[in-house]
4 protein chains.
Amino acid sequence: MKEARPLPHYLVQRYHGWKATAFTENKAWYKRLAQDGQRPRAMVIACCDSRVHVTSIFGAESGEFFIHRNIANLVPAYKPDGEQHGTSAAVEYAVNALKVAHLVVVGHTNCGGVAGCHAMCSGHAPELEEKTSFVGHWLDILRPGYERVKDLPEADQIHALEKQAVLISLENLLTFPFIKAAVEAGDLSLHGVLHDIGDGGLLQYDPELDHFEHV
Amino acid sequence: MKEARPLPHYLVQRYHGWKATAFTENKAWYKRLAQDGQRPRAMVIACCDSRVHVTSIFGAESGEFFIHRNIANLVPAYKPDGEQHGTSAAVEYAVNALKVAHLVVVGHTNCGGVAGCHAMCSGHAPELEEKTSFVGHWLDILRPGYERVKDLPEADQIHALEKQAVLISLENLLTFPFIKAAVEAGDLSLHGVLHDIGDGGLLQYDPELDHFEHV
Amino acid sequence: MKEARPLPHYLVQRYHGWKATAFTENKAWYKRLAQDGQRPRAMVIACCDSRVHVTSIFGAESGEFFIHRNIANLVPAYKPDGEQHGTSAAVEYAVNALKVAHLVVVGHTNCGGVAGCHAMCSGHAPELEEKTSFVGHWLDILRPGYERVKDLPEADQIHALEKQAVLISLENLLTFPFIKAAVEAGDLSLHGVLHDIGDGGLLQYDPELDHFEHV
Amino acid sequence: MKEARPLPHYLVQRYHGWKATAFTENKAWYKRLAQDGQRPRAMVIACCDSRVHVTSIFGAESGEFFIHRNIANLVPAYKPDGEQHGTSAAVEYAVNALKVAHLVVVGHTNCGGVAGCHAMCSGHAPELEEKTSFVGHWLDILRPGYERVKDLPEADQIHALEKQAVLISLENLLTFPFIKAAVEAGDLSLHGVLHDIGDGGLLQYDPELDHFEHV
C-alpha cells in the first residue's frame, strides 16, 4: 500500500490534545470498555454529512451509540441475496449481536443526497441514472419517497423528501424479520427524527399525527 | 409508519442541553453552513463501534469531516454492477462532488467485526457463512486479509487482521478509477490509522517501513 | 489531595447543559431553596444501584425528597453505642431536624446486595464472611430476613429476600425511639415498596394482607 | 410490620405517569439492564439533601451512576473492625465488584450537616456531642476539616468547611487499600466537586492550585 501518506499534522496535533485531556481523564473507563466490550444502548443511523453531529446533539459518550452513517441515512429493504449490504450488516449486528434497545434514524435538512435524489427522479440529473453511478443507485432506495412528494408544490418537495428519507428507512427496517420480531417482543423500539442544520431544531415523527413535531 | 416511538427522554434532554449551549454559541456558523453547504476537508471511514469516537479523537467540528461508518471500516473493491453499494456511493460523493483532500481509514483494536471475520475464515463461525448472514457477506471483504495473517502465531492474528482491515480498504479504494486519478493528480491523499481503544494510542501506516507506527 | 483529577468532560458538558436549561428555568426557586433551606416532604431510603432511579420514578423535584442510598436499602437496628452509623444519622436528621412526614423504603429486584446476602447466608460466599469484608458485615443486617425465607423453594428465595430487605428495614426503623414516637403521634408514616427493574412495576407492602401488591 | 401505610397518592400518581411515559419509551433498555446487570461508569457520593440532584446535574440515566448518599457526603477512614460501615461497604462494592472507573465526591453549599459540624466543633451544639446523637458522631468524620478552617475569618469558615467535606472524604478514600491500588493501577480516578445550590454553580478541586475552580 505504497500510496498511503502521513496523517496531516493538524489531525496528529488534535489527537495529541485529546490524548492528553479527554483520554487521560477517562482512561480507567476506556481500559474497561476495551476489556469488557461495548454495550451500546442505541443504534443511530445518520447521514455522512459533515454538518450532522449526532455525537454532539445527543452528547454521545464512548460506548453509548452504535453509529452507522451513509449517504442520506438510508436503509434498503431486506434482501438476503448473498451480496454485500453494508447497511443491512450493521443493522443485523446491532440488533442480533449487540441487542440495542433503540434504533434511531436521524435525517437532516439541506441534505445533498436528498437533493440529488429529487433531481434524479425529476429528470434533472441524468448522470445519477447512469449505470456506473454509485450515488444514483444508492439514492434509488429513496425513489418511493419521491413518488409520495412529487405532487406537492415544488417549493415543498425537497423538505418533504428529507422526511421521507427517515420514513422510508423506518419502513424498510421493518422488512427485516429479526427487527420486526424484536419490535414485537418489546426488545427494540424504532425512532425517526429530523435535524435542522441551520436553526438547530430537532423534530420527531409522531405516528398518531403522521407528521414531524418539534421535540 | 405507525411503529415509530417517541424519542427516549434522556436524548431529548441532552439535545436541549446541546441546543442551549453548543448550538447557541455557534449559531452564526451553523446558519452559514446551512446556507452555503458543507465543504469538508477530509472523509473519514470508521467502524460503527460505539467506542470509536473519531469526532473526539480528531476534535471534529461541524463541517469538517464527511464521515462514513460501517462494520469494520471496510471498503469493497470497485464493482459498477448497478447494485446498491452504500460505501462506494459515499466515497464517490466525497471525492467527486465534495472534492475532499484527504481520505482517512480509521481501524481500531477490539473490533467485533474483525474478530468475527477471523472466526468465520478459520471455520469457527458457520453462522456467518450462511447465505442469509449480512454480517458474514460483508466481512468477506476482509477475507484476503485473513489469508495474509493466517500463518502468524495464533495470538498475533487478530491484531494483524485489524491492520489488514485498514490496508485492504486502502487497496480497494485505489481500484476506483476516480480515486486513482485524484491521487495521481495530487488532489487527494490516502491515510490509514489504527486506534487502540484501551490505551488511547493511534498508529498510522507507513509505506516505507510497511508497518504501523505511533503518530 | 494531589490525586484528584479533573472531572470527565462528558460530565462537565452535561452539567453545562443542565445549567443552561433546567437551572435557568428554575433559578428563582433554587435561589429561594438556598436562602430558606430545604423542607422535604419525605425521606426515601433506596439502594445505590445505578438502575434504581427514585428521582425518576417519583418525579422528584429539587427540595422534595431527602434521599439516603446505601447497599440494599438497609437500616440497622437502633444502637446508640457512640460509633459512626451513617444510616442512623440520616434517619435521625430527617425525622428530628427536618420533620419529614413520610419515610419510604424502596427495595428493588435484581439487587446485587440481596443476592450477595443470600449467597453468604447459604454458605456460598465465604469471602463476604471474612472480617475485612465491609459488604459482608453490612449485609448481616439482612441475615434475619434470610432465616425467614430459607425454607421456601429455592427459586423463590431471592425474590422473597428482596422483600425482606424492605420489611427488616421498616422493622428496624421502629426500634428508634424517636421514630416510634413520631409514628404514634401521627407525625410520620412509614411505607415500604419494591421496584421491579425489568418490567417497571411498583409493589407496596400491605400490612392487612401481609404481602406486596401492585400500586 | 403492621405500621406500614399505603404510599401517598401523589407518589402513586407520579409513578403511574413515569410508567406510562419514560418507562414505556425505554422498556427494551430497562429489560436488558435487568437481565444483564448494571455496569455503571462512575460512583457518586453525595449528600442526602433534597436540593442536591446529581441525577439532574449530570443527566444521569438508568445504569450510569452507582450513587451513595449520606449526610454531608462523608467517607470515613478505612477501619476493618468488623462493625457495620455502610459507606465503606458501598465504596467496596463499587470499586471491587462493579469496577467503576470514576469516584466523584459531590459536596454542596448551604449544607445542614456541615453547618451542624461547625456548630458542634465550635462549642455551639452540645446536643450533637451527646453519646446518643447519631448525627453528631457521624459529623465527627469532618472534625479534622474544622481544625483546618477554624482560624479563618468567621464569615468564611462554613464555606471552607463545605470544601473540606469533599477533601476529607477524598483523603479518607485513599486510606482504603483497594482504592489506593486501583488508583495507582490506573483503574480508578478520584474527583471532588462542590455544587452551589443557589446559583447553580459547579466547582472542582484542582490539586495543582489547591483550590476549587468553576468547571
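Numbers restart at 1 for each chain; the letters A, B, ... are given by sequence-line order, proteins then strands. Scope of the values below: all heavy atoms of this structure, side chains included, with no hydrogens, waters or symmetry mates.
Here B:Ile67 contributes atom CD1 and A:Asn70 contributes atom CG; the two are 13.0 Å apart, rounded to the nearest 0.5 Å. Atom CG of B:Leu173 sits about 8.0 Å away from atom CE of A:Met1, to the nearest 0.5 Å.
Proximity to chain A is limited to the side chain of B:His53, based on heavy atoms less than 4.5 angstrom apart. Residue contact with chain B, scored on non-hydrogen atoms closer than 4.5 Å, is absent for A:Leu74. With a 4.5 angstrom heavy-atom cutoff, A:His108 does not touch chain B via any of its atoms. Neither the backbone nor the side chain of A:Ala22 comes within contact range of chain B; no heavy atom of the residue lies under 4.5 Å from a heavy atom of that chain. For a residue to count as touching a neighbouring chain, one of its non-hydrogen atoms must lie under 4.5 Å from one of that chain's; by this rule B:Glu83 touches chain A with backbone and side chain alike. The parts of B:Val135 that come within reach of chain A are both its backbone and its side chain, each placing non-hydrogen atoms under 4.5 angstrom from that chain. Neither the backbone nor the side chain of B:Arg32 comes within contact range of chain A, judged by heavy atoms closer than 4.5 Å. Of the atoms belonging to B:Lys131, heavy atoms from both backbone and side chain fall under 4.5 Å from chain A. Interface residue A:Phe23: only side-chain heavy atoms are found under 4.5 Å from chain B. Proximity to chain B is limited to the side chain of A:Gln204, based on heavy atoms less than 4.5 angstrom apart. With a threshold of 4.5 angstrom between heavy atoms, B:Ser133 approaches chain A through its backbone and through its side chain. Looking at B:Leu103, neither its backbone nor its side chain comes within 4.5 Å of chain A, counting heavy atoms on both sides. Proximity to chain A is limited to the side chain of B:Thr55, based on heavy atoms less than 4.5 angstrom apart. When heavy atoms are compared at a cutoff of 4.5 Å, B:Ala60 approaches chain A by way of both its backbone and its side chain.
With chain A as the partner, the residue from B:Ile71, B:Leu98, B:Ile57, B:Asn110 showing the most heavy-atom pairs under 4.5 Å is B:Ile57. Of the residues considered (B:Gly116, B:Pro40, B:Cys48), B:Cys48 shows the highest number of contacts with chain A, using heavy-atom pairs under 4.5 Å. For the options B:Thr24, B:Leu139, B:Thr132, B:Leu170, heavy-atom pairs under 4.5 Å to chain A are most numerous at B:Leu170. Counting heavy-atom pairs closer than 4.5 Å to chain A, the top-ranked of the candidates B:Gly198, B:Ala72, B:Gly200 is B:Gly200.
Looking at heavy atoms from C-beta onward, A:Asp196 lies out of side-chain contact with B:Tyr30 at the 4.5 angstrom threshold. Residues A:Ser50 and B:Glu64 fail the side-chain proximity criterion, which asks for heavy atoms closer than 4.5 Å. Side-chain contact check for A:Leu11 versus B:Val215: every heavy-atom pair is 4.5 Å or farther apart. In this structure the side chain of A:His191 reaches within 4.5 angstrom of the side chain of B:Pro8, judged on heavy atoms.
Two rings, from B:His68 and A:Trp138, have their centers 6.0 Å or more apart.
Heavy atoms only, all atoms of each residue included: B:Phe134 and A:Lys79 are closest at CE2-O, 3.6 Å. When all heavy atoms of A:Gly112 and B:Tyr93 are compared, the closest pair comes out as CA-OH, 3.4 Å.
Ring orientation note: the planes of A:Tyr10 and B:Phe65 are close to parallel, at an angle under 30° on the 30°/60° scale.
The main-chain N or O of B:Ser189 is never found under 3.5 Å from a side-chain atom of A:Arg5 such that the two would form a donor-acceptor pair.
Side-chain contact, B:Gln38 with A:Asp49: a donor N or O sits under 3.5 Å from an acceptor N or O.
Within a 6.0 Å radius of NZ in B:Lys180, other residues, nucleotides and ligands contribute 12 heavy atoms or fewer.
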